[in-house]
Undergrad: 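Take a look at this one; I'll ask things after.
Side chains included, hydrogens not; waters and symmetry mates left out as well; all remaining heavy atoms used.
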Amino acid sequence: MQLQDTPAEADFRRRLREWLGKTLPELPPPPDPSDWPGRRAFDTQWQRRLFDAGYAGIHWPVDAGGRGASPSEHLIFLEETEHAGAPYVGASFVGLLHAGPTIAAEGSPDQRARFLPPILRGDEIWCQGFSEPGAGSDLAALRTKAVRDGDSYVVSGSKIWTSHAEVADWCELLVRTDPDAPKHKGITWLAMNMDAPGVTVRPLRTLAGTTEFAELFLDEVRIPVANRVGEENDGWRVTMVTLSFERGTAFASEAVACRREVRELARVARAEGAWDDLELRRALAALSAEFAALWRLVQWNVSEASADGVPGAGGSVFKLRFSEARQRLYDLAARVVGADALVEGAWTAQRLQGLSYTIAAGTSQIQRNIVAQRILGLPKGR
Amino acid sequence: MHFQLTEDQRALQAGLREVLTRHEPDWAELAEVGLFTLRVPEERDGIGLGLPEAVLAFEEAGRALVRGPLVGTELAATLGRGTAEFVAVPARGPLLVPHLPELSCLLLRERDGSVTVVPAGAIHARPARAVDPQRPLWELTGPPPEGERCTDAEAARLTAEGTLLTAALQCGLAARALAEAVRHAGRREQFGQPIGAFQAVQHLCADMLARAELARVAVYAAAVSADAEEIAGAKLLADEAAVHNARDCLQVHGGMGFTWEAPVHLLLKRAWAWEQAVADRDSCLDALAGHL
């Protein structure tokens, strides 16, 4: 049981830190959050720099064009980039963390050659077409239908909560190819070109006033059968292969960010006089302990996954505690800044954005079901 | 970085769990399995292991709800002393010493952080009515007698390690409370099915697991880093896990949980006791705030 870097990891960390120190000052200023084309350009430029320096697809296998880094090195990458204030993965998220690894694991040689290099270089952006208005937590209830017609699937239906849809080139799309099969069995994974005729994107405005995601309307969109990853009706398994891996590290850099935010909030509290409030000071102290422990939990889960190759349900425990702790952090920030919490500003924006954390990527209630049934083995209700 | 138990650590954990859960061990057996000499160097007839191994052992002792002056005796062994309790002078209320007649000395922590080793025989005290029937208490009737003052460095080490070992006991207790709740929820039937099938009960249990897991990892990490700030945070989370899990375990047991016949109340009462032991919630929070 140890928390030290191995010599190879320490060397990796040192080189990465040097590169970040040299590269970050050269970056242009970050774009306005409402400027989607600007955000895409910024995110893809950052991805290109990572690619040129050999840091693209850090956790991808070498034969897929990645660096083949160990899970520990991946964590070091997330930790160091966050510490240095590097840009987030942003619009490259789905490509790098989900669609790309799925194609690397399950795609044909042609599909790997066609899709993987542009993701790593930052040339192509992906979005995720999984959820539907009638299939949120119950994802397998999705109804968007695909009917085979010669060399194409003809797809009709709608998708929702699609982040980066406005600037994406491709969509990883789950469709129902067999309406008569049990609901997990009749699903297929397709790569859909976002420029295909019949695709309509309608941005959704969040309660924070921003358009973080969109609704997709698909009206007889033709998708070549060659764009199917995995077998027909086997899409659920294809999806689960990579979804569990995504959960292991998806929030790791944010856990690092939260430790920084607690210290920043303590600084604000001292400046605003709120630090003299014993109750508030202790609430901040309790949060600092929780975020420190959550970072240790990430390290524990990643070590466990690298030992047996499969991420455990520990990701659900992390997601549950992290999302709730982070919401408490922003509620506490509102107490620290006082009346300013009712005016738009950085902490208020975080507080609004934070309301999604206990909903997105599996609600807290679904996470509790997973923990109770899969880890504790409690029976399913009738 | 490989933040997982080693093979040797797993073997230690499994061996102790076997010994401690087979039957309730007496004090001689605890000494026999090396619970107090894990960190004593081999040349002084100890086992020569480190803080992480001591933490694993104390986690098992907490899971088995072992009674007696565990933490103080382990700390005293590193000083070459016998059976001991580590007692911190509380912010409010009387100075209470558990297991007084069995002690050879008391490690007494003053509010200023200093620690003195006080001979137990010199203490004047009367029995108090302890809420935890397995942790009898004595209340001091006068000021504590003069003792041998530890160096500041030694006092800091004893406080940090005592805090961590108490946190480890709480982790074991939290895991035990979860296991008892899950066992009961899987057996007890209402409305024609086990109550564990009801989402309301499942969510109670899921939160118990989340608390126990986060605390356990925090305690392990603090054992590896031996960092005072990390130890304070680990105690905080371990106390929360133990107290809340024992409380939720009682809730899952329903009316039976409120009786003396079900052993659940013993978990909660011990969690309350260990919550106040060595470093309580407020002192941990103030220590953490000092680092922010």
Side-chain angles (χ1 to χ4, degrees), chain A residues 1-6 9 70 72 75-76 262-263 265-267 269-270 275 278 281-304 306-307 314 316-318 320-321 324 364-365 367-373 375-382, chain B residues 1-6 9 52-53 55-56 178-179 181-182 185-186 192-199 201-225 229-230 232-237 240 281-282 284-292:
Chain A
M1 190 157 61
Q2 49 100 351
L3 292 159
Q4 300 294 313
D5 290 341
T6 63
E9 287 165 359
S70 70
S72 287
L75 268 199
I76 290 170
V262 170
R263 284 192 296 275
L265 197 54
R267 194 191 62 72
R270 285 197 178 89
W275 191 251
L278 180 66
R281 196 164 71 221
R282 285 179 172 169
L284 259 174
L287 268 175
S288 77
E290 182 143 0
F291 286 122
L294 283 162
W295 174 245
R296 295 308 197 193
L297 186 61
V298 169
Q299 293 178 318
W300 180 267
N301 288 344
V302 165
S303 291
E304 188 174 42
S306 55
S316 288
V317 171
F318 175 82
L320 196 54
R321 291 293 296 242
E324 294 179 357
S364 290
Q365 286 63 41
Q367 304 295 344
R368 286 185 174 93
N369 289 356
I370 291 171
V371 169
Q373 290 165 20
I375 306 183
L376 296 175
L378 287 167
K380 277 198 166 180
R382 286 201 289 268
Chain B
M1 180 204 73
H2 189 69
F3 187 34
Q4 290 284 302
L5 301 191
T6 63
Q9 287 169 340
E53 287 77 19
V55 154
L56 291 173
L178 168 65
V182 168
Q193 58 182 333
I195 60 169
F198 297 115
Q199 206 170 48
V201 175
Q202 291 194 348
H203 286 196
L204 271 179
C205 293
D207 283 337
M208 290 168 79
L209 179 94
R211 281 187 213 113
E213 283 287 290
L214 190 65
R216 188 174 58 91
V217 169
V219 166
Y220 288 178
V224 174
S225 72
E229 183 185 358
E230 192 153 25
K235 175 70 160 57
L236 205 61
L237 290 164
E240 183 205 313
R281 180 174 174 77
D282 287 349
C284 287
L285 286 171
D286 292 341
L288 285 161
H291 285 95
L292 276 176

Undergrad: Please flag which part of A:Leu320 lies under 4.5 Å from any non-hydrogen atom of chain B: side chain, backbone, both or neither.
TA: side chain

Undergrad: Relative to chain B, which segment of A:Arg270 carries a heavy atom at a distance below 4.5 Å: side chain, backbone, both, or neither?
TA: side chain

Undergrad: Nearest 0.5 Å please: distance from the CG atom of B:Leu214 over to the CD atom of B:Glu240.
TA: 8.0 Å

Undergrad: Counting only heavy atoms closer than 4.5 Å, note whether B:Leu292 contacts chain A via side chain, backbone, both or neither.
TA: both

Undergrad: Which atoms of A:Leu294 come close to chain B, meaning under 4.5 Å heavy atom to heavy atom: side chain ones, backbone ones, both, or neither?
TA: both

Undergrad: What option among A:Asp5, A:Leu3, A:Leu297 has the most heavy-atom pairs under 4.5 Å with chain B?
TA: A:Leu3

Undergrad: Could you look at A:Arg321 and say if it's the side chain, the backbone, both or neither that has a heavy atom under 4.5 Å from chain B?
TA: side chain

Undergrad: Under 4.5 Å, counting heavy-atom pairs only, tell me which of A:Ala372, A:Pro379, A:Ala293, A:Ser72 racks up the most with chain B.
TA: A:Pro379

Undergrad: With only heavy atoms counted, which part of A:Trp295 is less than 4.5 Å from chain B, the side chain, the backbone, both or neither?
TA: neither

Undergrad: Under a 4.5 Å heavy-atom cut-off, does chain B meet the side chain of A:Ser288, its backbone, both or neither?
TA: side chain

Undergrad: Of the backbone (N, CA, C, O) and the side chain (C-beta and beyond), which part of B:Leu236 lies under 4.5 Å from a heavy atom of chain A, both, or neither?
TA: side chain

Undergrad: Measuring heavy-atom distances to chain B, does A:Ala286 have an atom under 4.5 Å in its side chain, in its backbone, in both, or in neither?
TA: both

Undergrad: Given the options A:Arg281, A:Arg263, A:Gln373, A:Arg267, which has more heavy-atom pairs under 4.5 Å with chain B than any of the others?
TA: A:Gln373

Undergrad: In terms of heavy-atom proximity below 4.5 Å to chain B, should A:Gln4 be classed as side chain, backbone, both, or neither?
TA: backbone

Undergrad: B:Arg211 versus chain A, heavy atoms under 4.5 Å apart: side chain, backbone, both or neither?
TA: both

Undergrad: Could you give the distance from CD (A:Glu290) to CG (B:Leu237), rounded to the nearest 0.5 Å?
TA: 6.0 Å

Undergrad: Does atom CZ of A:Arg282 have more than 12 heavy-atom neighbours, drawn from other residues, nucleotides or ligands, at distances under 6.0 Å?
TA: yes

